[in-house]
2 protein chains.
Amino acid sequence: MPVRLSISDLERETGISRDTLRIWERRYGFPEPLRNQRSERNYSVEQLERLRLIKQLLGSGMRPGKLARLDLQQLCQITQQQRETDTVPRDVEELLQILVTGPRYGLLARLEALLQQQGLRDFLIGVLAPMTHAVGEAWFAGRIGVLDEHHYTEQVRMVLLAALRSLPQTPGNSRALLTTLPGEQHGLGLLMATCMLALEGVEILLLGVQTPLEEIVRGAIEGECRIVGISCSEYINRRTVAAQLVRLRSMLPNTVSLWAGGRGTNSLPKMPVGIKLFRHLGEIPEAVQQK
Amino acid sequence: MPVRLSISDLERETGISRDTLRIWERRYGFPEPLRNQRSERNYSVEQLERLRLIKQLLGSGMRPGKLARLDLQQLCQITQQQRETDTVPRDVEELLQILVTGPRYGLLARLEALLQQQGLRDFLIGVLAPMTHAVGEAWFAGRIGVLDEHHYTEQVRMVLLAALRSLPQTPGNSRALLTTLPGEQHGLGLLMATCMLALEGVEILLLGVQTPLEEIVRGAIEGECRIVGISCSEYINRRTVAAQLVRLRSMLPNTVSLWAGGRGTNSLPKMPVGIKLFRHLGEIPEAVQQK
DNA sequence: AATTATTTTTGTCTAGGACAAATTATGCCC
DNA sequence: GGGCATAATTTGTCCTAGACAAAAATAATT
C-alpha cells in the first residue's frame, strides 16, 4: 500500500504553507495531487521529495516558477552542482559516517576528542558549524532521519554546555542576552554563538529558543545587557525574520546592540541601521573587541 | 503605538491554526479583530492573552464554544480553580524568590549547591520536580514571565547535563531510549527521568523533544533498547497523549517496554496493558530493579 | 554604468461552504 | 440509578477562487 500524504502532512514535512502549495498547483501545475473521495488533496512521496529539493534551492535565490517545472532528475542535478561548491571538511565527513552507521555512543566520544584536540574556538568554527549544516541538509534530503538529527543535537548540546560551564565567568564585563525568535526551534546555532561570546569573556544570559519579543526586551533591560543576540536557522521564512528583527530593534533601547546571525540571516533584505548581521561565527570576536 | 498582530502572528504565538481562528470568530464572535486598510485581521495583545489561556484550558477537556464566551477574568478564575493548593518545599520557595527578584546569576549557583548537598537523587525528587511544577504554575498565573521560565529551564539543563556526564556509564546493562511525543516541547521532565534512569545504571539514548513515532520505533530497534521512556508535561492535550501512546505501543516490538511519566499522564483515560505509567520520579528505580 | 520606472512574479490574506470525526444529549431498558 | 445504543451538536480541517502588496526582474532613462 503506497503512502499518501495530506496537505497538512506536506506542510509539516516541507515547511511550505498550504496556501502556497495550493497556489503553486494552480499556477505551475505542480504539485498536482490525486484526490480522495472527499476531493481532498493526496500527495505521493515522490512529490514530497521533489518539494524538499525545491525548498532547498529556493533558499539560494532560485524562483519557484522555474523550479516547479523541473523534474526530480533535473533538481538533483542542480542540487549537486550547488553542493560541489562547498567542501565538507574531513572531520565532518567522518562524523556524518558515525551518525549514519553508528555506534550511537561513538558520537559523543568523537566530538569530545575533536574538541580537546582543536580547542573550543576552532572546534566550533571548523567542525560544529559545518557539521550542523551538513546534518540539516542530510535530514532534508532524506539521507538521515529525525532520530539521527535529534541524537546529534543532544550530543552536541551536552558537549557545548559542558564546555560553557568550564569557561571562566568574569563578572564586570559586558553582558549579552541570547535566544531565538518565536517560531525558531533550532537551538544549536544559538549554543555555538553563546560559546563564541563566552570565549571573549562576555557574560551570558542564555534563554533557549522562542522567546517573545516583549520578554527579550524585558530581559535585556532588567539584566542590563548591552548585547541582544538572535540566532536564525535556514529553515525559517526570511521575511518573517526580517520583520521580527525590525520590530525588536524598535522596541529595544538604543543603548542595546542587536546582533543576529545564522544561515537564516544570510540573504536577508536590507536591514535598517542598528541591526548587525553576522555571516560567520568568526566575526564575533572582532565585534566584541570593537565594542 | 499599540502593538497589533496579524493572523499569522497569532497562529505562531498560540499554536491555533488560522482556519480555526477564523471559524471561531465566525461561530463564537471571538476573537473579533479590527481590520487594516486591506481588510486584514488585526488582533490586540489582550486577545492574544485570552487565546493563550483558552489554549491551555482546552488541554484539560473544556470546549472552545464555552471558553470563547468567557472574558479574561473568568478564564483566570477557572485556571486558578484547576490549580490545587499543594505545599511547596522551602528550597523551592527560595529558588522561586531568586527567580523573581534576581540576581539572574544566583540561580545556577544555588541549584548546584543544592545538588551537592542533597545528592542527585534527592535533588531531583525533592527540589527540581516540585520546583519545575511551581515555575510552570507561576508562569501560568502570570506571576513570572516567559523570560524567567526560559532562564530557569536553561540553568537546570546545564546542571543536569553536567550531572549526567559525570555519572559512570556501564555498558552491558539494559538500554533506554528517552524522548517526548510530537507536539510536546517541554524537555525538563525528560531530563529528570533520564537522570533517574542513569542513576540506576541504565544506558541512555537521549533524543530531546518531539520525535515522530516511527523514528522512536526505529531508534529503539536499532539501538537495541529494552525501554522506551516518554515524558508528558501537563500542558498538552490528554487525549492526544493517550492516542499517541496507544499507537506507539502497537508499533513497538513486544520485547520493548513502554514507560510514560510526567504530569501529563496523571489523569489519563484507561491505558491498555503494556504501557507503564509513572506518577512519580521515585517509582523509576523500583521499576528498573524489577526488570 | 548607474538610476529610475514598469512589468511580472510570488506569497499571504479574504469569504463562505462542506463534511467527517469527536463529543454531548437523549431515549430506552435493565 | 446505571449502562448502552442512537440522535443531535460541536468542532477542526479542507475546499474554491479572487484580491492585492511586496519583492524581483526587466526595460527605459539619465
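Quick caveat: nothing in here was measured; it's all calculated off a predicted structure. Here is the naming used below: chain letters follow the sequence lines, and residue numbers restart at 1 for every chain. Just so you know, these numbers use all the heavy atoms, side chains as well, and skip hydrogens, waters and symmetry mates.
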Nearest whole angstrom, please: distance from the [atom2] of [N] to the [atom1] of [X].
| X | N | atom1 | atom2 | result |
| --- | --- | --- | --- | --- |
| B:Asn42 | C:dT12 | CG | C1' | 15 Å |
| A:Leu10 | D:dC14 | CG | P | 11 Å |
| A:Met62 | C:dT10 | CE | P | 13 Å |
| A:Arg26 | C:dT12 | CZ | P | 14 Å |
| A:Asp19 | C:dA15 | CG | P | 13 Å |
| A:Glu32 | D:dT16 | CD | P | 11 Å |
| A:Glu25 | D:dC15 | CD | P | 9 Å |
| A:Arg18 | C:dG11 | CZ | P | 17 Å |

Tell whether A:Arg22 reaches the base of C:dG11 with its side chain through a donor-acceptor pair below 3.5 angstrom.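 Flag unset: no donor-acceptor pair detected.
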Per the salt bridge (charged side-chain N to carboxylate O under 4.0 Å, His left out) rule, what does the pair list look like for residues 45-62 of chain B, sequence neighbours excluded?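 Every salt bridge (charged side-chain N to carboxylate O under 4.0 Å, His left out) pair that includes a residue of residues 45-62 of chain B, provided the two are not neighbours, is B:Glu13-B:Arg52, B:Glu49-B:Arg52.
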Within the supplied structure, the quantity of interest is the number of heavy atoms (other residues, nucleotides, ligands) at a distance under 6.0 Å from A:Asp71 CG; does it exceed 12?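 Correct, the count exceeds 12.
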Go through the structure and list residues passing salt bridge (charged side-chain N to carboxylate O under 4.0 Å, His left out) with B:Arg247, not counting sequence neighbours.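 For B:Arg247 the salt bridge (charged side-chain N to carboxylate O under 4.0 Å, His left out) partners, ignoring immediate neighbours, are B:Glu214.
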In chain order, what residues pass the salt bridge (charged side-chain N to carboxylate O under 4.0 Å, His left out) check against A:Glu215, with sequence neighbours excluded?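 Scan of A:Glu215 (salt bridge (charged side-chain N to carboxylate O under 4.0 Å, His left out), adjacent residues dropped) gives A:Arg218.
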N/O donor-acceptor pairs under 3.5 Å from side chains in residues 23-34 of chain A, not counting sequence neighbours:
unit_1	atom_1	unit_2	atom_2	d
A:Glu25	OE1	A:Arg41	NE	2.7

Checking A:Tyr43 against A:Ser6: is there a side-chain donor and acceptor pair closer than 3.5 Å?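 Looking only at side-chain atoms, A:Tyr43 and A:Ser6 do not form any donor-acceptor pair under 3.5 Å.
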Quick one: ring pair (Phe, Tyr, Trp, His ring centres under 6.0 Å) partners of A:Phe278, sequence neighbours excluded?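 Checked A:Phe278 against ring pair (Phe, Tyr, Trp, His ring centres under 6.0 Å); matches are A:Trp259.
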Each nucleotide N or O in nucleotides 8-12 of chain D that has a protein N or O under 3.5 Å away: list the pair and distance.
unit_1	atom_1	unit_2	atom_2	d
D:dT11	OP1	B:Gly65	N	3.1
D:dT11	OP2	B:Tyr28	OH	2.9
D:dT11	OP2	B:Gly65	N	3.4
D:dT11	O5'	B:Tyr28	OH	3.3
D:dG12	OP2	B:Trp24	NE1	2.5
D:dG12	N7	B:Arg27	NH1	3.0
D:dG12	O6	B:Arg27	NH2	2.7

Are any of A:Ser39's side-chain N or O atoms less than 4.0 Å away from OP1 or OP2 of D:dC14?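 No, no such contact exists.
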What nucleotide among C:dT14, D:dT16, D:dC14 has an atom nearest to a side-chain atom of B:Arg41?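 Taking heavy atoms from C-beta onward, the closest nucleotide is C:dT14.
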